[in-house]
Amino acid sequence: MKKHILALLFFLQTTAMLMAQDTRSIKQFNALRDSLTHLGAKFINDPDDMERKNANYQFIRTLVSTLKLPGSFNYSFDSVKSISVLNAPDNRFRIFTWHVINVDGSYRFYGAVQMNTGGALKLFPLEDYSPLLKNPEDSVTDNRKWYGAQYYKIVSVKNSTTPYYVLLGWKGHTVKSTKKVIDAISFNRNGQPLFGADVFVGNGKKTRKRVVFEYSRQASMLLRYVPDDNIIVFDHLSPPDKSSSGKPETFGPDLSYDGYRLSNGKWQFVENLDMRNIATAQDQNEYIDPKKQAIKDRQQVPSRH
């Protein structure tokens, strides 16, 4: 009888300790998440270049501290509007991405891949190597030579000999042009992430490791995955006239659509898609600009007068 009582007491004591630890972790997480929200708003909105960069460095350190908390993989960062957080469909990992605008109007991207270990933190920082990557469509890179972007969609490809995931991302470029990208992420034998894969088959049967689109900063481009058809659809980009054919900063949608359809683990290019019943005005903005969202949120706050 005494043994049963002692076992019960031990069980209750252990349960109470675990609950207390969980409560402390949640409080720590909430405090750190509030800091991330504040710092994220600062590196997006502050007009001073050095203030934006300093806020971003603090953000990175705070994010790492947050992810070191027990059970952090299950924590939500929905309130941190300045970043994108995407979970893999199979919950194997999640990827954090965000950007900071430079003083010249260009962008630098930041990110990290967090593995779902169920225990100790396993985190791969993403280092934007874009300015030095001469042929991004022909390059497979690791996390130290990442072709930076802010991702808004992840798709798992299971019917391939080497499982991988497709990423759709926004990649602000310069004061004149914007980019979007279709990329791929996989993992090598050591569990390290690799970006780019020989899976995007073009019109001339040439394969690309990733697909990069560049167009006028004043334009809006559709780039969307349609799960029912296993297809990635996008606006066909054209110059406004023949004299601008070599100037992608002038390109914009011409009201026709092309795409990549999944077939045997690879994405086959298809042109002139009829997307009238799928593409909508809402689809044009799957990437939500944090700066515009912040302005929208402020406009929606009720007046106190």
Side-chain angles (χ1 to χ4, degrees), residues 84 86-95 97 111 113 115-116 124 126 133-143 145-171 179-215 221-237 253-254 256-280 283 286-287:
S84 168
L86 295 180
N87 278 57
D90 58 7
N91 227 29
R92 180 182 180 185
F93 67 95
R94 64 177 174 177
I95 184 165
T97 51
V113 175
M115 305 306 297
N116 187 4
F124 295 96
L126 302 180
L133 202 59
K134 294 182 179 179
N135 300 299
E137 292 193 325
D138 296 324
S139 303
V140 174
T141 66
D142 59 20
N143 57 298
K145 293 185 176 181
W146 174 52
Y147 191 63
Q150 188 156 350
Y151 302 122
Y152 56 84
K153 184 66 178 178
I154 184 169
V155 179
S156 177
V157 182
K158 297 179 180 179
N159 61 337
S160 168
T161 53
T162 303
Y164 66 94
Y165 310 80
V166 166
L167 297 162
L168 305 185
W170 172 89
K171 185 173 176 63
K179 291 183 178 181
K180 282 192 174 181
V181 61
I182 309 173
D183 211 333
I185 181 173
S186 58
F187 296 87
N188 63 20
R189 291 180 179 179
N190 296 323
Q192 296 174 311
L194 296 175
F195 291 89
D198 200 24
V199 295
F200 303 105
V201 184
N203 199 19
K205 301 304 178 183
K206 177 187 175 182
T207 59
R208 303 178 187 178
K209 308 297 192 297
R210 66 178 54 79
V211 184
V212 182
F213 306 90
E214 184 175 1
Y215 54 97
M221 178 196 170
L222 169 72
L223 174 61
R224 179 186 175 218
Y225 174 62
V226 184
D228 291 344
D229 298 312
N230 262 338
I231 192 169
I232 299 167
V233 61
F234 47 87
D235 280 306
H236 184 268
L237 302 173
D254 63 4
S256 65
Y257 299 97
D258 298 327
Y260 282 97
R261 190 184 302 277
L262 184 62
S263 177
N264 297 321
K266 293 195 174 185
W267 299 85
Q268 307 287 335
F269 178 79
V270 288
E271 58 184 344
N272 295 323
L273 293 169
D274 184 358
M275 301 299 293
R276 287 173 296 180
N277 296 325
I278 298 177
T280 66
D283 296 329
E286 286 203 89
Y287 167 74

>> I'd like to know if the side chain of Asp198 pairs up with that of Thr207 as donor and acceptor (distance under 3.5 Å, no hydrogens or angles considered).
In response: yes
Taking the side chain as everything from C-beta on, heavy atoms only, tell me whether [X] gets closer than 4.5 Å to [Y].
X      : Y      : value
Val201 : Phe269 : no
Val212 : Lys179 : yes
Tyr152 : Thr97  : no
Asp183 : Val166 : no
Tyr225 : Leu168 : yes
Val181 : Trp170 : no

> What pairs with Gln268 under side chain to side chain donor-acceptor pair (under 3.5 Å), at least two apart in sequence or on another chain?
Replying inline: none
>> Can you list everything that forms a side chain to side chain donor-acceptor pair (under 3.5 Å) with Asn190? Sequence neighbours excluded, please.
In response: none
With sequence neighbours excluded, what pairs up with [X] under the ring-ring contact (aromatic ring centres under 6.0 Å, His included) test?
X      : result
Phe124 : none
Tyr215 : none
Tyr147 : none

For [X] and [Y], which heavy atoms make the closest approach, and how far apart are they?
X      : Y      : result
Val211 : Tyr260 : CG2-OH, 3.8 Å
Asn272 : Asp258 : N-OD1, 3.0 Å
Lys209 : Asp138 : CG-C, 3.4 Å
Pro163 : Ser186 : O-CB, 4.0 Å
Arg224 : Leu222 : CB-CD1, 3.8 Å

> Are Tyr165 and Phe93 close enough, and set up right, to give a ring pair (Phe, Tyr, Trp, His ring centres under 6.0 Å), and what steps lead you there?
Replying inline: CA-CA 11 Å; Tyr165 310 80; Phe93 67 95; 4.9 Å; yes
Could you state the interatomic distance from [atom1] ([X]) to [atom2] ([Y]), rounded to the nearest 0.5 Å?
X      : Y      : atom1 : atom2 : result
Leu133 : Phe195 : CG    : CZ    : 12.5 Å
Leu167 : Leu86  : CG    : CG    : 7.5 Å
Leu237 : Ser256 : CG    : OG    : 9.0 Å
Arg210 : Ile185 : CZ    : CD1   : 11.0 Å

> Does the ring center of Tyr257 lie less than 6.0 Å from the ring center of Phe234?
Replying inline: no
> Excluding sequence neighbours, so at least two apart, what forms salt bridge (Lys or Arg N to Asp or Glu O under 4.0 Å) with Glu137?
Replying inline: Arg208
Polar side-chain atom of [X] near backbone of [Y] as donor-acceptor pair, under 3.5 Å:
X      : Y      : value
Asn143 : Trp146 : no
Lys171 : Gln150 : no
Asn188 : Gln192 : yes
Asp235 : Met221 : no

>> Tyr164 vs Phe187, test: ring pair (Phe, Tyr, Trp, His ring centres under 6.0 Å). Steps then yes/no.
In response: CA-CA 8 Å; Tyr164 66 94; Phe187 296 87; over 10 Å; no
>> So if I apply the side chain to side chain contact (heavy atoms under 4.5 Å, CB included) rule between Val226 and each of Leu273, Val233, Ile232, which one comes out positive?
In response: Val233
